[in-house]
Undergrad: 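My questions will all concern the structure given below.
Lettering of chains follows the sequences in order, A, B, ..., and the numbering in each one begins at 1.
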Amino acid sequence: MSADKKWAMVIDLQKCIGCDACTVACKAENRTPPGVTYNIVITEERGTFPSVTRVHVPRPCMQCDRPPCVQVCPVKATYKMENGITAIDYDRCIGCRYCIISCPYGARYFDFGLDYSQEMVGCNEVQAPEYGVDRGKREKGKSPIGNVRKCTFCYHRLLRGEEPACVEVCPGDARYFGDLNDPESVVSKLAASPRAFVLKEEMGTKPRVIYLK
Amino acid sequence: MKNSERLTKAWYGVLVLLMALGGWAIIERIRVGLVATNLTSETTWGAWVAFYIFFVGLSVGTFLLSTMFYVFKIEHYEKIGRDALLVSIISMVVALCFILLDLGRMERFWHTFRYWNFTSMLAWEVRFYVIYIGLLIAELYLSMRQDLIRVAKGTGWQAALARFLTFGSTDLSEESKKRDHKWLKILGSIGIPIAIFGVLGGEGMLFAGVKARPFWNSGLLPVILVVSALVASIALLLVFYVIRTKLMGREVDKEMVKSLAGLLAFFLLIEAGMEFFEFFVGAYGLQDTELATIETIFQGPFSWLFWGIQIFLGVVVPLFIFFNPRLKESVNAITLAAILVVIGILGVRFNIVVPPLIVPVLQGLPWGYYYPSPVEWLSSLGIVAFGLFLYTVAIKALPIDTVEELREGK
């Protein structure tokens with residue numbers, strides 16, 4: 001994969017049906033423990049009866065270009081990769097959770113070490129190779145337990161030429177993924193649309209997840 | 001004498017009991033991790049962080065007081081100057097215990113020295129702590145040096161310790177005394193800006209710099225931290241002084257207590273005024289998250305912490321005592337007021353840390369809820385008891401009270 005790629009995601013809110021398939025696909029792909037959900041769908045009801053609509057806003061990590069989490073991390077455990085993804089080095093993170101505090105999107109979660117062993121046999125046998133690192137079994141006292149975690153844009157899938165799980169699974173095709181460095185890419189074109197906006201623009205975070213009204 | 005011995009034993013007994021309970025809680029926390037707490041990914045900082053900033057504040061406050069006594073030669077208060085330095089060091093130890101416990105991966109605490117993110121307030125804080133603690137120890141040592149030499153001439157384990165600490169020096173000359181004072185003044189002058197802007201200002205920036213939490217994101221917050229730290233420190237020094245003097249059967253310097261109480265009332269009023277504007281400016285902006293945070297503080301399930309402890313016990317009652325013509329003459333009433341002030345400031349610290357983490361950053365995200373778990377309570381009690389234990393041992397082992405004063409007392 002060439003280094004000049006700058007990944008971004010476009011989410012078309014007109015196409016999102018609020019099915020939460022992305023949330024489920026993300027949990028399955030990244031095998032996140034209870035309490036850690038890289039992607040969620042926020043549902044808002046607007047208007048009063050009889051003119052009521054529901055708006056669904058999927059919320060992954062915004063992979064900000066000016067990320068407050070990177071700004072505050074005392075040990076540089078969280079940092080920007082050249083491809084635009086905000087990464088966490090699980091072997092460096094001390095678990096102070098300052099980044100969780102500073103994220104304006106609530107996109108970061110602490111791994112308290114819980115698991116689904118009550119619900120599922122063998123849930124700890126394998127972990128997602130996040131950031132392309134195979135960590136083997138999920139074991140007590142080993143990272144990422146005790147670390148902060150968040151959406152990685154499915155970097156491990158990108159490495160093998162696949163889209164993030166949430167993009168692949170979306171039944172309404174509401175999510176687009178691609179290279180913002182390439183002006184001809186679908187995401188570049190959509191990002192230039194007058195419908196395009198980002199969450200909490202006033203925070204100055206410059207998110208790489210762009211929404212279409 | 002018999003009575004005081006029994007009291008000492010009881011005191012140590014209580015401390016050891018609390019430390020044992022705290023020790024169990026800490027072991028539990030190490031064994032199972034942060035699930036032992038009631039923290040969540042929403043309300044991710046809680047009691048430990050509140051105690052941590054409380055004790056950092058206490059440390060800086062007591063240090064500022066003691067250096068002001070030395071640098072500006074306010075001899076009136078020099079009696080408690082050395083005590084203040086000791087409290088300052090111990091507060092810092094206690095604060096670091098709290099924050100260590102709060103780390104998700106405690107064993108990696110050294111990463112904060114090894115890797116340095118220039119833009120992180122926390123990274124700067126850690127480095128300032130090291131410089132600051134070094135300075136505190138040097139100051140305390142210099143202020144005690146003369147008395148250590150005097151003690152070293154005696155017998156017993158205290159004398160042996162003093163002989164070790166003086167490295168065999170017996171220089172009691174006027175000249176050496178002057179040199180000590182000069183260095184105290186120099187270190188104090190370096191220490192004051194480091195303590196205000198580095199240690200406590202950085203502490204304030206830690207919160208004020210977080211734009212995602214509008215309640216914190218205010219230029220006044222670091223200043224409030226400094227002023228409220230001074231308030232808590234004056235109050236605590238007053239309490240320690242009165243209790244210790246009474247227990248030793250010496251006479252309380254009533255004039256000093258009364259003037260400390262005046263100083264306390266002065267800073268308490270300033271702090272209350274600042275808090276008023278902090279809330280007023282915040283609410284006047286009509287920003288949703290800010291309003292929701294203020295509503296959480298005023299009307300949430302823990303609003304008693306604000307109205308009952310922070311305002312009524314922490315400000316109204318003490319001010320009533322300080323301004324009531326009868327009560328302000330009573331050392332006991334003043335001491336009670338000072339205790340209430342300290343508890344009030346602890347409330348301030350909890351209300352700085354927790355409520356902004358209850359309100360979600362995006363509409364539609366879950367609201368947080370937090371009340372410390374038994375492990376958090378017990379470990380906190382244990383750590384505070386550990387601090388008191390260190391204090392008790394230190395005032396026994398080191399000449400914290402000036403030797404001349406002891407002679408006068410006898």
Side-chain angles (χ1 to χ4, degrees), chain A residues 34-37 40-45 55-57 59 62 68-79 89-114 140-150 199-200 202-205, chain B residues 30-37 39-46 49 99-100 102-127 205-207 209-214 216-217 287 289 353 356-357 359-366 368:
Chain A
V36 179
T37 39
I40 57 164
V41 180
I42 298 170
T43 298
E44 235 181 277
E45 225 171 69
V55 181
H56 307 288
V57 183
R59 196 246 37 213
M62 302 291 141
C69 51
V70 171
Q71 190 182 20
V72 303
C73 176
V75 295
K76 287 189 183 168
T78 190
Y79 60 96
D89 182 345
Y90 290 149
D91 296 318
R92 188 182 284 196
C93 169
I94 59 172
C96 70
R97 312 188 294 295
Y98 198 6
C99 53
I100 298 183
I101 302 272
S102 73
C103 175
Y105 306 102
R108 287 175 164 255
Y109 297 85
F110 185 72
D111 191 334
F112 283 91
L114 304 173
K140 239 180 108 176
K142 269 172 73 178
S143 284
I145 293 173
N147 292 131
V148 173
R149 304 178 63 174
K150 67 169 198 73
L199 292 183
K200 289 183 143 185
E202 74 280 6
M203 288 288 154
T205 47
Chain B
I30 293 170
R31 204 174 57 81
V32 300
L34 286 183
V35 234
T37 67
L39 297 168
T40 55
S41 284
E42 285 80 39
T43 313
T44 204
W45 283 352
V49 172
I99 208 58
L100 178 65
D102 192 65
L103 291 185
R105 298 204 67 98
M106 297 163 78
E107 79 281 7
R108 292 184 188 162
F109 76 93
W110 59 273
H111 283 198
T112 51
F113 297 105
R114 172 71 182 75
Y115 309 104
W116 186 353
N117 182 9
F118 273 92
T119 58
S120 172
M121 285 305 132
L122 208 50
W124 282 94
E125 277 297 272
V126 173
R127 282 153 185 86
M205 259 307 283
L206 203 81
F207 294 94
V210 178
K211 201 177 175 187
R213 316 278 172 176
W216 287 341
N217 195 213
Q287 204 262 0
T289 319
V353 174
L357 301 178
V359 181
V361 280
L362 272 181
Q363 219 175 12
L365 288 178

Undergrad: In Å and rounded to the nearest 0.5 Å, what is the CD to OH distance from B/Glu42 to A/Tyr109?
TA: 7.0 Å
Undergrad: A/Ile100, A/Val75, A/Ile94: which one forms the most heavy-atom pairs within less than 4.5 Å of chain B?
TA: A/Ile94
Undergrad: Are any of the side-chain heavy atoms of A/Arg108 and B/Thr44 separated by less than 4.5 Å?
TA: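 Side chain of A/Arg108 against side chain of B/Thr44, heavy atoms only: no contact under 4.5 Å found.
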Undergrad: As an exercise: rank B/Val32, B/Leu357, B/Leu39, B/Val126 by heavy-atom pairs under 4.5 Å with chain A and give me the winner.
TA: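 Sorted descending by pairs with chain A, the first entry is B/Leu39.
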Undergrad: Give me the atom names and distance for the closest heavy-atom approach of A/Lys200 to B/Val361.
TA: NZ-O, 2.7 Å
Undergrad: Show the nearest heavy-atom pair for residues A/Lys142 and B/Arg105, with the distance to one decimal.
TA: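 The answer is C-NH1, 3.6 Å.
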Undergrad: Nearest 0.5 Å please: distance from the CD atom of A/Glu44 over to the CG atom of B/Leu362.
TA: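 Rounded to the nearest 0.5 Å, the CD-CG separation comes out at 9.5 Å.
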Undergrad: Taking every heavy-atom pair that is under 4.5 Å apart, which of A/Gly204, A/Ser102, A/Ser143 has the most such pairs with chain B?
TA: A/Ser143
Undergrad: Do you know the tightest heavy-atom contact between A/Gly35 and B/Ser41?
TA: O-OG, 4.1 Å
Undergrad: Measure from the side-chain N and O atoms of A/Arg92 to the backbone N and O of B/His111, and report whether any donor-acceptor pair falls under 3.5 Å.
TA: no
Undergrad: Could you tell me which of A/Ile40, A/Ile145, A/Thr43, A/Leu114 has the largest number of non-hydrogen atom pairs under 4.5 Å with chain B?
TA: A/Ile145
Undergrad: Side chain, backbone, both or neither: which part of A/Glu202 has an atom under 4.5 Å from a heavy atom of chain B?
TA: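 The answer is the backbone of A/Glu202.
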Undergrad: Check this for me: B/Gln363, atom CD, are more than 12 non-hydrogen atoms of other residues, nucleotides or ligands nearer than 6.0 Å?
TA: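 Not more than 12 within 6.0 Å, no.
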Undergrad: Which atom names give the shortest non-hydrogen contact between A/Ile101 and B/Trp216, and what distance separates them?
TA: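 For A/Ile101 versus B/Trp216, the nearest heavy atoms are CG2-CZ3, 3.2 Å.
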Undergrad: If you look at every heavy atom in A/Cys96 and B/Leu122, which pair is closest and at what distance?
TA: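 Scanning both residues, the minimum pair turns out to be SG-CD2, 3.8 Å.
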Undergrad: How close do A/Val72 and B/Asn117 get, counting heavy atoms only, and between which atoms?
TA: C-ND2, 4.4 Å
Undergrad: Side-chain contact, heavy-atom cut-off 4.5 Å: A/Asp91 with B/Arg108?
TA: yes
Undergrad: Heavy-atom pairs under 4.5 Å with chain A: which of B/Ala123, B/Ser120, B/Gly33 has the most?
TA: B/Ser120
Undergrad: Examine whether an atom of B/Thr40 lies under 4.5 Å from a heavy atom of chain A, and if so say whether it belongs to the side chain, the backbone or both; otherwise answer neither.
TA: backbone
Undergrad: I'd like to know if the side chain of A/Tyr98 and the backbone of B/Met121 have a donor-acceptor N/O pair within less than 3.5 Å.
TA: no
Undergrad: Go through B/Trp116, B/Trp124, B/Phe109, B/Phe118 and name the one with the most non-hydrogen pairs under 4.5 angstrom from chain A.
TA: B/Trp116
Undergrad: Looking at A/Arg97 and B/Asp102, would you say the former's side chain and the latter's main chain have a donor-acceptor pair under 3.5 Å?
TA: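 Looks like yes, one N/O pair under 3.5 Å.
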Undergrad: Measuring heavy-atom distances to chain B, does A/Val57 have an atom under 4.5 Å in its side chain, in its backbone, in both, or in neither?
TA: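 For A/Val57, no heavy atom lies under 4.5 Å from chain B.
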Undergrad: Can you confirm whether A/Pro68 sits close enough to B/Lys211 that some side-chain heavy atom of one is under 4.5 Å from a side-chain heavy atom of the other?
TA: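 A side-chain contact is absent here, since even the closest heavy-atom pair is not under 4.5 Å.
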